[in-house]
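Below is one structure; the comments refer to it alone.
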Amino acid sequence: EAGVTQFPSHSVIEKGQTVTLRCDPISGHDNLYWYRRVMGKEIKFLLHFVKESKQDESGMPNNRFLAERTGGTYSTLKVQPAELEDSGVYFCASQGGNYGYTFGSGTRLTVV
Amino acid sequence: RKEVEQDPGPFNVPEGATVAFNCTYSNSASQSFFWYRQDCRKEPKLLMSVYSSGNEDGRFTAQLNRASQYISLLIRDSKLSDSATYLCVVRKGGATNKLIFGTGTLLAVQP
């Protein structure tokens with residue numbers, strides 16, 4: 001079974017630019033989560049999709065972040081415009097039924 | 001105050017040692033508890049769930065004390081391959097099912 005796939009693995013962009021991160025969950029998993037780890041801090045929840053609907057987006061930092069999950073399959077997280085404090089590792093995780101989370105390997109975002 | 005508190009370490013121990021990690025959580029409504037392991041520049045991976053009755057998986061033993069809101073992980077006979085960051089994780093439950101992470105405890109097992 002393929003795991004959770006995230007793309008790109010690394011991204012370096014300039015402040016003010018736009019970046020889009022992509023997550024492909026495990027096939028059939030309705031629940032998809034985005035998390036972020038900023039350097040020196042703990043991993044923090046950003047939002048949760050159930051299929052294509054946003055179940056909880058309480059962790060989204062501000063309106064520069066936009067997440068979508070078209071058709072309930074893959075998800076994108078867009079940061080526009082990026083700021084220096086957005087640098088970190090963005091993890092996606094999927095969950096199906098009563099199974100635990102499976103995390104993707106993350107996207108390391110550096111804003112310079 | 002962080003919702004999940006852990007000693008960041010590092011814990012430097014020799015091979016074969018027994019090491020214990022502790023964690024406290026602030027939300028008494030938390031429903032599920034886990035230890036995750038994260039290797040350098042990798043994703044978190046579930047090590048084990050934690051139950052009030054205590055549970056063991058080989059060299060690893062986890063314990064939950066709901067009254068004290070305290071979670072522990074004991075690693076016996078440490079191996080070099082146990083070197084990693086150990087994350088204490090709590091799930092609030094409810095509709096969102098989101099995980100709350102501690103900052104992690106770094107373990108370095110020395111030869």
Side-chain angles (χ1 to χ4, degrees), chain A residues 2-10 21 23-26 29-51 53-60 67 87-110, chain B residues 1-10 21-27 29-51 55 57 60 62 64 71 73 84-106:
Chain A
V4 178
T5 305
Q6 291 188 244
F7 182 84
S9 57
H10 294 81
L21 314 181
C23 170
D24 286 77
I26 292 172
H29 279 194
D30 288 340
N31 294 286
L32 186 149
Y33 302 82
W34 284 98
Y35 287 82
R36 176 175 77 169
R37 184 166 201 161
V38 171
M39 188 183 293
K41 304 275 191 172
E42 67 274 22
I43 297 171
K44 283 193 172 178
F45 168 81
L46 295 178
L47 89 160
H48 171 204
F49 283 101
V50 178
K51 297 184 181 178
S53 300
K54 291 175 185 174
Q55 181 74 21
D56 180 356
E57 51 184 329
S58 61
M60 295 288 263
S87 297
V89 183
Y90 290 76
F91 290 106
C92 174
S94 75
Q95 182 195 27
N98 290 324
Y99 297 104
Y101 278 56
T102 300
F103 280 86
S105 54
T107 294
R108 185 171 298 273
L109 174 65
T110 304
Chain B
R1 183 191 170 191
K2 289 189 169 65
E3 288 192 66
V4 178
E5 296 264 16
Q6 288 183 257
D7 180 346
F21 303 138
N22 303 317
C23 163
T24 57
Y25 61 96
S26 60
N27 190 334
S30 300
Q31 295 191 357
S32 305
F33 309 88
F34 310 93
W35 284 101
Y36 275 72
R37 170 192 169 129
Q38 187 174 24
D39 292 285
C40 189
R41 301 177 94 81
K42 300 283 190 179
E43 72 273 22
K45 290 187 177 177
L46 179 65
L47 179 66
M48 57 199 304
S49 300
V50 189
Y51 306 109
N55 48 303
D57 183 2
F60 299 82
L64 165 67
I71 306 162
L73 176 68
T85 296
Y86 290 82
L87 303 167
C88 179
V89 183
V90 169
R91 185 166 64 196
K92 285 188 169 183
T96 184
N97 227 17
K98 66 184 179 187
L99 300 181
I100 310 297
F101 286 81
T103 51
T105 299
L106 179 61

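Reminder, nothing fancy here: chain letters follow the sequence lines and each chain counts from 1.
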Task: Under 4.5 Å from any heavy atom of chain B - which part of Thr102(A) - done: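 Contact with chain B is absent: no heavy atom of Thr102(A) under 4.5 Å.
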Task: Atom group of Phe91(A) that falls short of 4.5 Å from chain B, counting heavy atoms - done: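 The answer is the side chain of Phe91(A).
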Residue part contacting chain A, namely of [X], when any heavy atom lies under 4.5 Å:
| X | result |
| --- | --- |
| Phe34(B) | neither |
| Lys45(B) | neither |
| Gln38(B) | side chain |
| Ile100(B) | neither |
| Lys98(B) | both |
| Leu99(B) | both |

Open item on the list: Show, in sequence, the C-alpha distance, side-chain angles and deciding distance for His10(A) and Arg108(A), and conclude whether the side-chain contact (heavy atoms from CB on, under 4.5 Å) test is met.
Closed with: CA-CA 5 Å; His10(A) 294 81; Arg108(A) 185 171 298 273; 3.8 Å; yes
Open item on the list: Ring-plane angle category for Trp35(B) and Phe21(B), please: parallel below 30°, perpendicular beyond 60°, tilted otherwise.
Closed with: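 The arrangement is tilted - the two ring planes meet at 30° to 60°.
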- [ ] Hey, could you give me the CG/OH distance between Leu47(B) and Tyr36(B), rounded to the nearest 0.5 Å?
- [x]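 That separation rounds to 10.5 Å.
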Task: Distance (rounded to the nearest 0.5 Å) between Glu42(A) CD and Gln6(B) CD - done: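 Between Glu42(A) CD and Gln6(B) CD, I get 10.0 Å after rounding to 0.5 Å.
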Open item on the list: Given His48(A), which partner from the list Tyr101(A), Tyr33(A), Trp34(A) fulfils the ring pair (Phe, Tyr, Trp, His ring centres under 6.0 Å) test?
Closed with: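 For His48(A), the ring pair (Phe, Tyr, Trp, His ring centres under 6.0 Å) test succeeds with only one of Tyr101(A), Tyr33(A), Trp34(A), which is Tyr33(A).
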Task: Side-chain heavy atoms of Leu73(B) within contact of Thr105(B), under 4.5 Å - done: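 With C-beta onward as the side chain, the pair stays apart.
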